[in-house]
Protein chains: 2
Amino acid sequence: MSIDPLPRVSAVDALVTVLRERILDGDLPAGERLVERELTERYDVARHTLRAALRALQADGLVRIEPNRGARVAALDGEELRELFALRLALEREAAFLALERHDGRLPASVHDAAAELARLAARRRTGWADVAAAHNAVHGAMVAAAGAPRIARAYEALDGELALFTMQLRPVWTRDRLGPDHIALVAAIEQDGPDVLRDHLDEALTALTTGA
Amino acid sequence: MSIDPLPRVSAVDALVTVLRERILDGDLPAGERLVERELTERYDVARHTLRAALRALQADGLVRIEPNRGARVAALDGEELRELFALRLALEREAAFLALERHDGRLPASVHDAAAELARLAARRRTGWADVAAAHNAVHGAMVAAAGAPRIARAYEALDGELALFTMQLRPVWTRDRLGPDHIALVAAIEQDGPDVLRDHLDEALTALTTGA
DNA sequence: GGCCACAGATTGTGGAACAATTCCACACCG
DNA sequence: CGGTGTGGAATTGTTCCACAATCTGTGGCC
């Protein structure tokens with residue numbers, strides 16, 4: 001049996017978790033300066049510990065550090081977003097390919113279920129945008145997971161965090177009605193026409209994001 | 001005009017560079033323990049500085065840190081290598097697709113040149129394996145660069161470091177004679193049949209690596 | 001042989017200090 | 001008036017030291 005390590009929380013890990021949450025919640029908005037003294041006082045940690053956490057977040061793409069000028073919450077402009085989507089397509093397309101290969105040309109139930117859940121949530125007026133966004137991420141996440149390719153999944157996860165940073169800023173409520181049907185159709189289309197249909201899907205999403213901004 | 005930042009070397013950056021080189025040179029073999037005291041004494045830096053460097057290398061996949069048990073040079077087993085190759089294919093296939101799209105269905109001269117250079121070097125008996133390996137990396141690197149997708153390139157670069165960690169261990173001299181012709185053929189095949197031919201190419205390379213070990 | 005306790009080594013974190021750099025306001029000068 | 005120094009406060013980058021927590025290995029004991 002293979003070992004699976006208990007999640008032991010070092011101070012640095014805890015800091016990374018807390019800061020990541022605050023960033024993705026929008027509590028720390030994109031572009032916000034992260035001053036060491038303020039954060040060390042707030043969380044009662046040593047400067048080194050905080051700095052280690054900031055470096056970790058930088059590796060995740062959530063924070064940018066300029067030498068001698070401090071750290072800021074990352075802010076993506078349109079161009080960077082497009083580049084990020086190119087990477088996303090690379091990962092997701094191959095993940096879809098592998099998922100199809102592993103499941104005899106179909107996508108597993110987990111993906112279909114996630115799409116159905118998204119449709120259900122998005123259709124209900126009372127659901128908050130955050131929940132819809134989470135369900136949407138779950139669809140794409142399920143497909144990446146279905147590939148059974150841990151490294152692709154890991155890369156996708158990091159990218160997803162960065163992406164959330166952006167989608168949190170603007171809340172494209174206008175696509176909400178289409179989100180459910182579109183993704184059920186997407187899953188079906190992938191099974192029928194292959195992973196390349198993701199190209200159009202992501203292109204469309206990118207357009208929606210950039211013009212909405 | 002956009003700014004381009006001078007490469008300023010902090011102590012941490014310098015450490016990362018030096019350690020990365022030593023790891024990729026095989027001077028620090030895979031699995032080697034990296035004891036903080038030894039390294040701080042050798043390079044005359046503070047422990048925090050060294051620890052920051054180790055964390056950075058961990059983010060690159062070159063070092064693994066186990067809580068309370070220290071850092072080691074990463075060691076990939078066969079399974080991890082396969083997972084890494086799945087990621088590599090995802091990045092490289094899409095990069096090839098984009099490169100073709102940007103250059104009217106062909107690959108740019110930089111890629112052809114790199115392949116030719118590889119063939120030239122590999123054919124000469126006197127060329128060392130390290131140079132052949134570098135030329136080989138240059139071929140794939142040129143194709144990824146030709147895509148004009150910075151984020152894919154960045155992800156590929158990190159992956160490439162990890163991969164070098166492995167290919168440095170075993171030196172598959174037996175494929176050397178085929179390396180040049182194979183890659184010239186690969187470039188032509190990509191132009192003729194599309195980026196999917198990379199799948200077989202990388203599969204073959206993976207098989208060669210794992211059986212050779 | 002297997003289990004336990006203990007000492008030594010190593011890592012994780014905190015704290016203080018100082019140099020280097022940036023930032024900002026203000027005076028100066030053509 | 002715009003551009004150029006100048007000085008000081010704020011912030012970051014790094015060092016050194018201290019100590020708790022954890023791991024590792026050794027030897028004794030049953």
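Residue numbers start from 1 in every chain, and the chains themselves are labelled A, B, ... in the order their sequence lines are given, proteins ahead of strands.
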Between B/H201 and B/H140, is the gap from one ring center to the other below 6.0 Å? yes
Given B/V73, which of B/D27, B/L165, B/L62, B/L57 fulfils the side-chain contact (heavy atoms from CB on, under 4.5 Å) condition? B/L165
Six-ring centre of A/F85, A/R88 cation under 6.0 angstrom, axis tolerance 45°: yes
B/T17: which residues meet the side chain to side chain contact (heavy atoms under 4.5 Å, CB included) condition with it, sequence neighbours left out? B/E21
Whole angstroms only, please: what is the OH-C1' distance between B/Y43 and D/dT14? 18 Å
Side-chain donor-acceptor pair under 3.5 Å between A/S110 and A/D113, yes or no? no
So if I define the base as every atom that isn't primed, P, OP1 or OP2, how would nucleotides 5-14 of chain C read as a B/S/- string at a heavy-atom cutoff under 4.0 Å? -----SBBBB
